[in-house]
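Reading through the structure tokens given below for one structure.
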Amino acid sequence: MRNSFISAIHALSEQSEKIMMLVADNGAIVFDEYRKDFPERFVNCGIAEANMIGFAAGLAACGMRPFVYTISNFMTMRALEQIRNDICLQQMNVKIVSIGGGFAYGALGPTHHATEDLAIMRVLPGMTVICPASPLEVKAATRAVFELEGPAFLRLGTNGEPEIYSAESDFKIGRGTVLTEGDDVSIIVAGPLAYDVLQAQPLIKKAGISPRIINLSSLKPIDKQMIQKAAAETKAIITIENHSIIGGLGSSVAEVLAEECSDYFRFKRLGIGDAFCMEYGSHEDLKKYWRLDAASIAREVISFMDVSLRSASDAERKTRN
Amino acid sequence: MEKLTAVARKIRKDILKIAYYGGGAHIASSYSIVEILTVLYFEVLNIDPCCSDHPDRDRFILSKGHASAAIYAILAERGFFEKAQLKTFCQPGSMLGGHPEMHLVPGIEASTGSLGHGLSFGAGIAYASKVQRRKYRTFVLLGDGECQEGSVWEAALFASHHKLNNLTAIVDFNKLQALDRIEKILGLDPLADKWQSFGWHVEELDGHDIHALSAVLNKPVLAAERPTAIIAHTIKGKGISFMENTPIWHFRFPNEAELEIAFKDLGVYDKKEFLS
């Protein structure tokens with residue numbers, strides 16, 4: 001995802017001389033080509049994220065289009081007030097690109113695990129929140145946020161994420177994508193766990209369940225229609241994210257379901273629990289720890305559907321009697 | 001100079017009027033920067049009230065946003081908006097809130113109110129001017145208490161490292177913060193030395209001396225390759241006798257008896273005329 005972003009921003013920087021890339025002493029080597037081609041537009045702001053965000057806002061006030069890029073927590077938490085006041089309140093055209101979403105930096109420990117960032121960014125007025133699923137979607141999302149006037153948060157992993165699209169992604173802000181059509185359960189995912197959900201699909205189908213898999217990479221604005229359709233047509237919804245189950249994708253979907261869907265449905269959030277992860281390991285290891293790998297996802301969906309079908313028939317019996 | 005002194009006197013009256021209608025304001029914090037704003041807005045800044053978003057305009061950022069009464073008074077006097085607006089301070093429907101908002105008020109360059117943000121924002125604006133090959137100057141006015149915020153020093157490191165010689169920070173060094181004197185809470189001395197050690201060119205002056213302010217602020221470039229920090233020694237509450245150097249006046253409105261004294265200090269003889 002990281003390389004996809006860098007290549008996308010390089011191409012965009014050839015088209016627009018207003019783009020500036022800001023980092024906080026991160027991204028060794030990967031920006032070498034960018035720095036060579038656009039030396040005046042790359043600024044390593046040093047280990048000073050609060051200043052970096054304020055600085056970016058000042059650039060944007062003069063018509064530049066800065067992209068701020070660093071490890072998620074260091075921007076979204078340390079410099080949160082700057083993001084809120086300097087960027088969102090002042091409606092500055094700054095794009096915040098975070099790397100290391102979820103457990104992408106698994107072995108580096110909880111200070112580097114980005115597990116609350118979506119919740120924090122989502123609640124800021126005026127902030128567009130995008131969580132792409134794959135490198136091709138990152139490419140499309142980068143262009144989409146560049147074309148957007150106003151603040152945006154683009155949450156990347158690191159590198160090596162598998163691709164889920166065979167051709168270019170037709171990502172649009174505010175729109176979800178149905179990856180697989182199905183009638184029994186809607187599995188709504190945001191981020192690179194979309195690949196794991198697709199891997200889980202054959203196991204789920206083997207259990208006689210027809211899953212509808214939805215990639216909801218645009219968290220804010222969110223595709224309410226797609227969620228409403230899922231509630232009306234499949235009656236069971238599971239959300240999956242490499243983020244806390246508090247405040248991220250699951251909560252966003254729950255908000256829509258609770259307020260705008262009157263059909264009967266059952267709902268469950270899968271993701272990271274309300275705890276810091278004290279396990280070290282690769283992203284794959286930590287996925288297994290939190291039961292977010294393909295096999296665990298399949299197990300969770302099947303068990304949920306078993307319960308869900310029983311509840312549905314209970315509800316049906318009560319209505320008939 | 002006489003003209004500027006007269007303007008400063010008028011601004012002090014307007015600040016009190018703003019506070020009166022708003023039911024209170026950070027009067028003392030506003031009074032310590034009156035001469036600084038007067039010299040900037042009536043002599044130094046290349047600005048045009050009719051064209052408040054001209055790309056080559058000089059920028060002034062009130063990083064100590066709680067002194068909003070001061071910036072509103074000066075902007076109105078300079079013609080950025082109607083003076084009648086000052087009476088709407090902090091009321092429903094007004095564009096003039098307790099802290100200034102950039103998209104609401106003509107002439108306001110940054111939405112401040114939370115301390116420690118203005119210098120980074122100003123550094124971005126100054127940096128942009130170099131990228132875009134423009135010649136405007138950027139001024140950021142900070143409070144001294146504000147210099148207790150770590151983010152100010154991140155910005156200071158950045159600005160000097162990147163040789164932003166078109167950026168000028170002015171510190172309103174009135175030695176007081178909200179609850180007490182700075183030296184008793186989180187001492188800043190030696191303040192000038194600190195800025196110097198961060199790579200800034202430093203000037204120190206009496207922040208109420210219009211001649212001194214004019215002489216320094218009018219210089220187009222103060223240092224070849226460094227940003228400039230002007231340490232302006234001021235008096236919090238300057239202009240109203242019982243407010244001067246008295247911490248309790250950080251956010252407080254005078255009672256009837258105090259108001260009488262304030263009027264005398266400011267040369268207000270007709271309350272009705274003052275309030276109109």
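In the text below, chain A, chain B and the rest are named by the order of the sequence lines, each starting its count at 1.
Within 6.0 Å of CG on A:L148 lie more than 12 heavy atoms contributed by other residues, nucleotides or ligands. Within 6.0 Å of the NZ atom in B:K163, the count of heavy atoms belonging to other residues, nucleotides or ligands does not exceed 12. The neighbour count for A:K18 NZ, taken as heavy atoms of other residues, nucleotides or ligands under 6.0 Å away, does not exceed 12. Heavy-atom neighbours of B:R137 CZ from other residues, nucleotides or ligands within 6.0 Å: above the threshold of 12. The environment of A:D274 atom CG is sparse: at most 12 non-hydrogen atoms of other residues, nucleotides or ligands sit within 6.0 angstrom. Annotation: A:E14, atom CD; neighbour count of heavy atoms from other residues, nucleotides and ligands within 6.0 Å is above 12. By the 6.0 Å contact criterion, CD on A:Q225 is open, its count of non-hydrogen atoms from other residues, nucleotides or ligands being 12 or less. For B:R57, the CZ atom sits in a packed shell: over 12 heavy atoms of surrounding residues, nucleotides or ligands are nearer than 6.0 Å.
Classified by interplanar angle (parallel below 30°, tilted 30° to 60°, perpendicular above 60°), the ring pair B:F158/A:F55 is tilted.
Salt bridge present: B:R133 and A:E40 bring a charged side-chain N and a carboxylate O closer than 4.0 Å.
What you find for B:S111 and A:L89 is that their closest heavy atoms are CB-CD2, 4.0 Å. Between A:D86 and B:H117, the closest heavy-atom pair is OD1-ND1, 2.7 Å. A:M20 approaches B:Y127 most closely through the heavy-atom pair CE-CE2, 3.7 Å. Residues A:M64 and B:A128 share a closest heavy-atom pair of CG-CB, 4.4 Å. Nearest heavy-atom pair, B:G124 versus A:L59, reported as atom, atom and distance to 0.1 Å: O-CD2, 3.4 Å. Counting all heavy atoms, side chain and backbone alike, B:S151 lies closest to A:Q82 at CB-NE2, 4.2 Å.
Contacts of B:A126 with chain A are absent, with no heavy-atom separation under 4.5 Å from either backbone or side chain. Heavy atoms closer than 4.5 Å to chain A are found in the side chain of B:R59, but not in its backbone. In this structure, the portions of A:E81 lying under 4.5 Å from any heavy atom of chain B include both its backbone and its side chain. Residue B:H161 does not touch chain A at all, counting heavy-atom pairs closer than 4.5 Å.
Between the side chain of B:Q132 and the main chain of A:C62, a donor-acceptor pair closer than 3.5 Å is present.
Summarising the geometry, atom CE belonging to B:M102 is positioned 8.5 Å from atom CD belonging to A:Q91; distances are rounded to the nearest 0.5 Å.
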